[in-house]
Amino acid sequence: MITTVTLNAAIDKTYFVEGFELGKVSRVGQLISYPGGKGVNVARVAHLLGGSVQAAGFVGGSNGQFIERELEKQGIRSEFVRVEGESRLCLNIIDSANHLSTELLEPGPEISELQAEEMKRRIRELAAGSGIVAMSGSLPKGLPSSFYAELIEIVREEGALAILDASGDALLHGIQAKPFMIKPNEQEVEKLLGKKLEQESDLYDSIHQLMREGITCIVVSLGANGCVAGYDGSLYRVHAPRIEAVNTVGCGDSFVAGMAVSLRRGDSIEDALRLATATGTANALMAEAGNVRLEDVARLQLEVDIEAII
Ligand code: TA6
């Protein structure tokens with residue numbers, strides 16, 4: 001079982017607007033409303049890849065009911081803690097004429113101490129029956145920046161592997177609990193280690209340092225150029241296939257889904273990186289954030305190039 005945790009779940013609304021201009025009235029062409037937030041996207045894509053998945057986190061109000069209802073339609077089991085406030089909307093305005101994507105992310109509902117304690121109890125229950133717990137996205141108001149670290153400790157106590165995909169202070173505090181895997185970008189690696197990355201070899205040294213500090217798997221995204229990954233002391237440079245992107249929102253979440261499904265079934269790290277990269281790339285071919293076609297994933301897996309870095 002893979003449990004995903006979305007502490008700030010959202011309805012992802014994607015608007016396709018040709019020639020979007022600030023300060024002007026624009027009429028939306030295609031509109032998509034999908035249950036979202038990073039962990040929810042991970043759950044959906046992991047489910048599409050054949051993983052056994054349950055989605056946890058906080059949801060609230062009628063937006064929260066939409067999220068749970070739509071996830072059920074998508075065949076995904078919900079294990080959310082419900083709160084009074086409204087789950088947020090995350091807007092993504094795609095102007096395909098100018099190849100621009102503009103995201104507007106609401107803050108989401110405030111979480112009380114009681115609800116935080118309920119979440120810790122819920123995660124302990126779910127982690128006991130899970131091989132992997134993937135925690136993704138921003139922390140909502142009311143939760144301390146140490147909250148991911150508290151959840152990671154619980155996940156490890158229950159014998160599951162913790163994947164953390166977060167940024168800023170949430171990541172900085174989260175790695176203190178030594179999650180199994182993190183997926184920082186280059187700027188976050190610089191902040192984690194307090195040093196500038198001038199060239200790719202600096203990135204290799206930084207990933208080795210993080211592995212020495214007890215993080216088993218570190219994946220640093222290079223966007224369309226793929227990623228550099230460290231795993232159990234070894235380094236890999238992964239080259240992603242070139243594609244014409246439709247919507248890149250959710251690619252990182254789809255990558256995490258591919259890693260979780262592959263590692264859960266015992267694949268090698270090379271096979272996991274290959275599936276994850278193909279899945280993240282396949283997501284960019286879809287209009288919806290956090291969606292893939294399996295035939296795209298299968299085709300793209302053959303185009304992923306992985307080299308071991310000595
Ligand atoms: O990664 C894409 C995405 O999940 C969007 O769909 C949107 O929900 C956003 O990220 C939320 O990001 P946040 O960091 O606020 O959790």
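In this text, all values refer to a predicted model and were calculated from it rather than measured experimentally.
With Ser262 as reference, Asp267 is the one residue of Asp267, Leu49, Leu273 to meet the side chain to side chain contact (heavy atoms under 4.5 Å, CB included) rule.
Looking only at distances, a side-chain donor or acceptor of Ser87 sits under 3.5 Å from a matching main-chain atom of Gly60. Judged purely by atom type and a 3.5 angstrom limit, Asp95 uses its side chain to pair as donor or acceptor with the backbone of Phe20. Between the side chain of Arg122 and the backbone N or O of Glu79 there is at least one donor-acceptor pair closer than 3.5 Å. Using a distance-only test at 3.5 Å, with no hydrogens or angles considered, a donor-acceptor pair links the side chain of Gln176 to the main chain of Leu172. Distance alone, capped at 3.5 Å, is enough to place a donor-acceptor pair between the Ser206 side chain and the Asp202 backbone. Distance alone, capped at 3.5 Å, places no donor-acceptor pair between the Glu86 side chain and the Pro109 backbone. Here the side chain of Lys178 pairs a donor or acceptor atom with the backbone of Glu213 at under 3.5 angstrom. The backbone N or O of Ala308 sits nowhere less than 3.5 Å from a side-chain atom of Arg237 that would complete a donor-acceptor pair. Between the side chain of Thr4 and the backbone N or O of Val42, no donor-acceptor pair lies under 3.5 Å. Of the possible polar contacts, one joining the Asn8 side chain to the Pro107 backbone as a donor-acceptor pair under 3.5 Å is found.
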Identify each donor-acceptor pair in which a side-chain atom of residues 22-34 lies under 3.5 Å from a protein atom, sequence neighbours left out, and give them as a table.
unit_1 : atom_1 : unit_2 : atom_2 : d
Lys24  : NZ     : Glu21  : OE1    : 3.2
Ser33  : OG     : Lys13  : NZ     : 2.8

Let me have the donor-acceptor pairs involving side chains of residues 188-196, under 3.5 Å, with sequence neighbours excluded, atom names and distances please.
unit_1 : atom_1 : unit_2 : atom_2 : d
Glu188 : OE1    : Asn185 : N      : 2.8
Glu190 : OE2    : Leu197 : N      : 2.8
Lys195 : NZ     : Gln209 : OE1    : 3.2

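Residues meeting the side chain to side chain donor-acceptor pair (under 3.5 Å) test with Asp205, sequence neighbours left out: none. Partners of Ala162 according to the side-chain contact (heavy atoms from CB on, under 4.5 Å) rule, which considers only residues two or more places apart in sequence or in another chain, are Met135, Ile152, Val155, Pro179. Annotation: side chain to side chain donor-acceptor pair (under 3.5 Å) contacts of Arg212 (sequence neighbours excluded): none. Evaluation of the salt bridge (Lys or Arg N to Asp or Glu O under 4.0 Å) rule for Asp271 yields no partner, not counting sequence neighbours. Remark: Asn41 engages Arg44, Asp253 in a side chain to side chain donor-acceptor pair (under 3.5 Å) (not counting sequence neighbours). Contacts of Tyr204 classified as side chain to side chain donor-acceptor pair (under 3.5 Å), with partners at least two apart in sequence or in another chain: Glu200. Ala276 meets the side-chain contact (heavy atoms from CB on, under 4.5 Å) test with Phe255, Met259; sequence neighbours excluded.
In this structure, the side chains of Phe58 and Arg82 stay at 4.5 Å or more apart for every pair of heavy atoms. At least one side-chain heavy atom of Val249 sits under 4.5 Å from a side-chain heavy atom of Glu103. The shortest side-chain heavy-atom distance between Thr277 and Leu275 does not fall under the 4.5 Å cut-off. Proximity of Leu161 to Leu263: side-chain heavy atoms (C-beta onward) are nowhere separated by under 4.5 Å. A 4.5 Å side-chain heavy-atom check between Gln54 and Ser78 finds every atom pair outside the cut-off. Within the 4.5 Å cutoff, the side chain of Val228 has heavy atoms near those of the Leu235 side chain.
Applying the salt bridge (charged side-chain N to carboxylate O under 4.0 Å, His left out) rule to pairs touching residues 281-299 yields Arg293-Asp296, Asp296-Arg299, Arg299-Glu303, sequence neighbours excluded. Among residues at least two apart or in separate chains, side-chain hydrogen bond (donor to acceptor under 3.5 Å, both in side chains) pairs with a member in residues 123-137 are Thr3-Ser130, Arg124-Glu157, Arg124-Glu158. Within the structure, side-chain hydrogen bond (donor to acceptor under 3.5 Å, both in side chains) contacts touching residues 159-171 (residues at least two apart or in different chains) do not occur.
At a threshold of 4.5 Å between side-chain heavy atoms, the hydrophobic network of Ile, Leu, Val, Met, Phe, Trp and Tyr places Val81 and Val59 in two separate groups. Leu171 and Leu139 end up in the same hydrophobic cluster when Ile, Leu, Val, Met, Phe, Trp and Tyr side chains are linked at under 4.5 Å. Cluster annotation: Leu203 is connected to Ile175 through the hydrophobic network of ILVMFWY side chains, with a link wherever side-chain heavy atoms come within less than 4.5 Å. Residues Val53 and Leu126 fall into different hydrophobic clusters, defined by Ile, Leu, Val, Met, Phe, Trp and Tyr side chains chained together at heavy-atom separations under 4.5 Å. Hydrophobic cluster membership differs between Ile163 and Tyr148, with clusters built from Ile, Leu, Val, Met, Phe, Trp and Tyr side chains linked at under 4.5 angstrom.
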Full working for side chain to side chain contact (heavy atoms under 4.5 Å, CB included) between Met181 and Val219: CA-CA 8 Å; Met181 174 181 161; Val219 177; 4.0 Å; yes

Intermediate values then yes/no, side chain to side chain contact (heavy atoms under 4.5 Å, CB included), Val304 and His239: CA-CA 6 Å; Val304 174; His239 301 274; over 6 Å; no

Chi angles and distances behind the salt bridge (charged side-chain N to carboxylate O under 4.0 Å, His left out) call for Arg156, Glu153: CA-CA 5 Å; Arg156 294 186 57 170; Glu153 281 163 12; over 6 Å; no

Pair Val5-Phe80, side chain to side chain contact (heavy atoms under 4.5 Å, CB included): steps then yes or no: CA-CA 9 Å; Val5 184; Phe80 292 98; over 6 Å; no

Audit row: Ser101, Asn247, side-chain hydrogen bond (donor to acceptor under 3.5 Å, both in side chains) steps and yes/no: CA-CA 8 Å; Ser101 169; Asn247 178 3; 5.0 Å; no

Worked verdict on Glu72 versus Arg69 for salt bridge (charged side-chain N to carboxylate O under 4.0 Å, His left out): CA-CA 5 Å; Glu72 187 181 9; Arg69 190 170 60 245; over 6 Å; no

Val83 and Ile111: CA distance, side-chain angles, deciding distance, side chain to side chain contact (heavy atoms under 4.5 Å, CB included) verdict: CA-CA 7 Å; Val83 297; Ile111 305 300; 4.0 Å; yes

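Of all non-hydrogen atoms in Ala160 and Ala127, the two that sit nearest each other are CB-O, 3.9 Å.
Salt-bridge formation is detected for the pair Glu70/Lys73: a Lys NZ or Arg NE/NH1/NH2 atom is positioned less than 4.0 Å from an Asp or Glu carboxylate oxygen.
For the residue pair Gln115 and Ser112, a side-chain donor N or O sits within less than 3.5 Å of a side-chain acceptor on the partner.
One distance of note links OG of Ser52 with NE2 of His47; it measures 9.5 Å at 0.5 Å rounding.
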